[in-house]
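Worksheet: the structure to be examined is printed underneath.
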2 protein chains.
Amino acid sequence: MMQMTDCAACPLQKRRMFLPFTPEEIAFMRAFKTGEAVVRPGETLLAQGERSERLYTVLEGFATRSIQLEDGRRQVVNFVFPGDFLGLQAGIMGEMRHSVQATTPMRVCIFQRSRLWDLFRDKPDRAYDLTWLAAVEEHFLGETIATLGQRDATERVAWALARIWQRLSALGEITPDGVALPFRQHELADALGLSKVHTSRTVSQLRALGLLVWRRGRLNMPDPARLFALAGLPMEREEQRPLI
Amino acid sequence: MMQMTDCAACPLQKRRMFLPFTPEEIAFMRAFKTGEAVVRPGETLLAQGERSERLYTVLEGFATRSIQLEDGRRQVVNFVFPGDFLGLQAGIMGEMRHSVQATTPMRVCIFQRSRLWDLFRDKPDRAYDLTWLAAVEEHFLGETIATLGQRDATERVAWALARIWQRLSALGEITPDGVALPFRQHELADALGLSKVHTSRTVSQLRALGLLVWRRGRLNMPDPARLFALAGLPMEREEQRPLI
DNA sequence: CCTCGAACTTAACGCAGGTTAATGCGGACG
DNA sequence: CGTCCGCATTAACCTGCGTTAAGTTCGAGG
């Protein structure tokens, strides 16, 4: 165990996409939090099949949630960003059905699964927030299903980049020359059900259309409105979300 | 409003896939439930974009949850079975992001969205159950994403039919000549991201392999183990689930 | 018994995207 | 400054699935 940030000084609170903690919430979270961990790129934070005793909130860094099929094929279910809560599945259903793998260095808060029930019993508002997060997650998964089921490669890539852009932007990660993309084409491909080669072709095509600039881990969008339109997404700002 | 079944005599309780109510739960559910409705095939129970004040539990009958894209394409996100809880998205996020459409006659219990918070405040165990259901749902959506992203048409069809079979079987709907399938090929196709034509071809192929018999709304599986293997699914029985 | 329509089936053809493989490029390290 | 390696790109070829369109089959209603 390493030095642990106090919840009162939670770095996530500086990002305006998150609802501020009330003093009681800080007190509760302080007691709920049992540690902190650093994860290196490529490391597996939660493994499919594992019965993890731990739950996490991402403080910093990025990851993928992915499912491994029997024969080795891999599907990235979605991307993980700071503020995301991890491990609810194992926490509630007993066993993780997917893995979480860091794509950048990460820092995470640690909670104990055994205390999840206390949260429901003693802090209904926190439990409600947790369910809120689960409902939002469910919505995004539904959108992903619609994308994989109905959209062609161009639309898919546009959609994924638009969603990632939106999330990074809500986190305040945008600079004049765009954002640092924490994922590689390989992960995009696995998330969209496309081959790496075709993903590259498709990205090139979007580049040729002047819809994006993506080089060496930096992404920029010369004309966000057009890209969002192609992705079938409205351009609204994301709602603030609670933090567990 | 029509005549309303008392929760103490809830017909779902007869099905062994559901955890039995405790006496207090019955008392609570009785107060929580505000009505009952009958829905005809084809009717829309919840519409995408709507801010429904109502939540439902399915007592009888089947439905699809689907997302409509801007240009009219439709993706069936999943299938709805008796015991499923509907409307949590609108209940928690404010707006439905998908529609729920009956594919058979249905009967549903009605609850008020405004009282959802009471449930969290007063009945932490019920709130926990609700979150449990959400977590299981999330797991299935993840599996669907993996299927659409990685599996070919044959595997997809096998997967969908195996999952539906499993659920119907848990509901006790299996007879010696199989189950009554409440969905048509059209809906399967929309759920799997395949065209109707190719879905038909693929079903024929599975039929030719002796893996299934599906005629006029009845499905049978001569060799479930082989079909499940093809679908990449273990053949275990589903866990009992709570009922809201 | 006949007609009609919904659901499904079958066949022919074309294309989006998979696969394989060769090539380019920049960053890390000696 | 040169080599290596991981990642991205490009090209050539192939196939699974979409599309269109012409049947079937069966049940409902006259």
Side-chain angles (χ1 to χ4, degrees), chain A residues 40-42 64 69 71-76 101-105 147-161 180-209 212-219 230, chain B residues 40-42 62 64 69 71-76 101-104 147-161 180-209 212-219 230:
Chain A
R40 274 159 310 173
T64 57
L69 303 194
D71 59 4
R73 283 174 288 182
R74 177 180 90 138
Q75 173 70 34
V76 170
Q101 259 201 330
T103 60
T104 68
T147 301
L148 297 191
Q150 304 298 323
R151 300 202 208 270
D152 68 18
T154 314
E155 296 171 309
R156 289 191 211 187
V157 171
W159 172 80
L161 292 177
L181 252 206
F183 312 109
R184 283 159 302 142
Q185 285 193 13
H186 184 14
E187 278 122 18
L188 247 204
D190 282 353
L192 297 175
L194 298 172
S195 67
K196 285 186 289 185
V197 174
H198 197 62
T199 303
S200 171
R201 282 197 282 252
T202 308
V203 168
S204 306
Q205 180 198 328
L206 289 175
R207 225 178 332 240
L209 287 170
L212 48 88
V213 181
W214 180 10
R215 261 193 100 214
R216 277 187 268 143
R218 284 207 80 79
L219 171 69
L230 180 54
Chain B
R40 274 158 309 174
F62 303 87
T64 57
L69 304 193
D71 59 5
R73 284 174 287 182
R74 179 180 87 138
Q75 173 70 34
V76 169
Q101 260 202 328
T103 61
T104 69
T147 301
L148 297 191
Q150 304 298 326
R151 299 202 209 272
D152 69 18
T154 313
E155 296 171 309
R156 290 190 211 187
V157 170
W159 171 80
L161 291 177
L181 252 207
F183 312 108
R184 285 159 301 141
Q185 286 194 11
H186 183 15
E187 278 122 17
L188 247 204
D190 283 352
L192 298 175
L194 299 171
S195 67
K196 286 186 288 185
V197 173
H198 197 63
T199 302
S200 171
R201 281 198 283 252
T202 308
V203 168
S204 306
Q205 181 199 327
L206 290 175
R207 228 181 326 242
L209 288 171
L212 48 87
V213 181
W214 180 9
R215 261 193 99 213
R216 276 183 271 146
R218 283 207 81 78
L219 171 69
L230 181 54

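Excluded from the calculations below are hydrogen atoms, water molecules and symmetry mates; all remaining heavy atoms, backbone and side chain alike, are included. Chain naming here is simple, since letters A, B, ... match the order of the sequence lines and numbering starts at 1 in each.
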List the protein contact pattern of nucleotides 10-19 of chain C with one symbol per nucleotide (5' to 3'): B for base contact, S for sugar-phosphate-only contact, - for none; contact means a heavy-atom distance under 4.0 Å.
BBB----BBB

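- Nearest approach of A/P182 to A/T103, heavy atoms of both residues: O-OG1, 3.0 Å.
- Separation of atoms OG1 (B/T202) and CG (B/L192) is listed at 9.0 Å; rounding is to 0.5 Å.
- You can see that DNA chain D meets the heavy atoms of chain B within a 4.0 Å-exclusive cut from D/dC17 to D/dG27, reading 5' to 3'.
- An end-to-end axis angle of 40° holds for the helix from C/dC1-D/dG30 to C/dG30-D/dC1, taken from five base pairs per end and rounded to 10°.
- To the nearest 0.5 Å, atom CD of residue B/Q205 and atom OG1 of residue B/T154 are 4.0 Å apart.
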Could you run down the sub-3.5 Å N/O contacts of the protein with nucleotides 2-6 of chain C?
none

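- Nearest heavy-atom pair, A/F183 versus A/W214, reported as atom, atom and distance to 0.1 Å: O-CZ2, 3.9 Å.
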Let me see the working for A/R74 and A/Q101 under side chain to side chain contact (heavy atoms under 4.5 Å, CB included), right down to the final yes or no.
CA-CA 12 Å; A/R74 177 180 90 138; A/Q101 259 201 330; 3.7 Å; yes

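- The closest donor-acceptor contact from the side chain of B/Q75 to the backbone of B/D190 lies under 3.5 Å.
- When the side-chain contact (heavy atoms from CB on, under 4.5 Å) test is applied to B/R151, the partners found at least two apart in sequence or on another chain are A/L69, A/E70, A/R73, B/T147, B/E155, B/R156.
- Of the side-chain N and O atoms in B/R215, none sit less than 4.0 angstrom from OP1 or OP2 of C/dA7.
- Taking each heavy atom of B/T199 and B/A189 in turn, the nearest pair found is OG1-CB, 3.2 Å.
- The two residues B/A102 and B/R40 make their nearest non-hydrogen contact at CB-O, 3.6 Å.
- Following rounding to the nearest Å, B/L181 (CG) and C/dC8 (C1') show an atom-to-atom distance of 14 Å.
- Only one option out of A/H186, A/E187, A/R201 pairs with A/K196 in a side-chain contact (heavy atoms from CB on, under 4.5 Å); it is A/H186.
- Across all their heavy atoms, A/A158 and A/L206 have their closest contact at N-CD1, 4.1 Å.
- Atom CG of A/L181 sits about 9.5 Å away from atom CG of A/L212, to the nearest 0.5 Å.
- The side-chain contact (heavy atoms from CB on, under 4.5 Å) search around B/S200 returns B/Q185, B/S204, not counting sequence neighbours.
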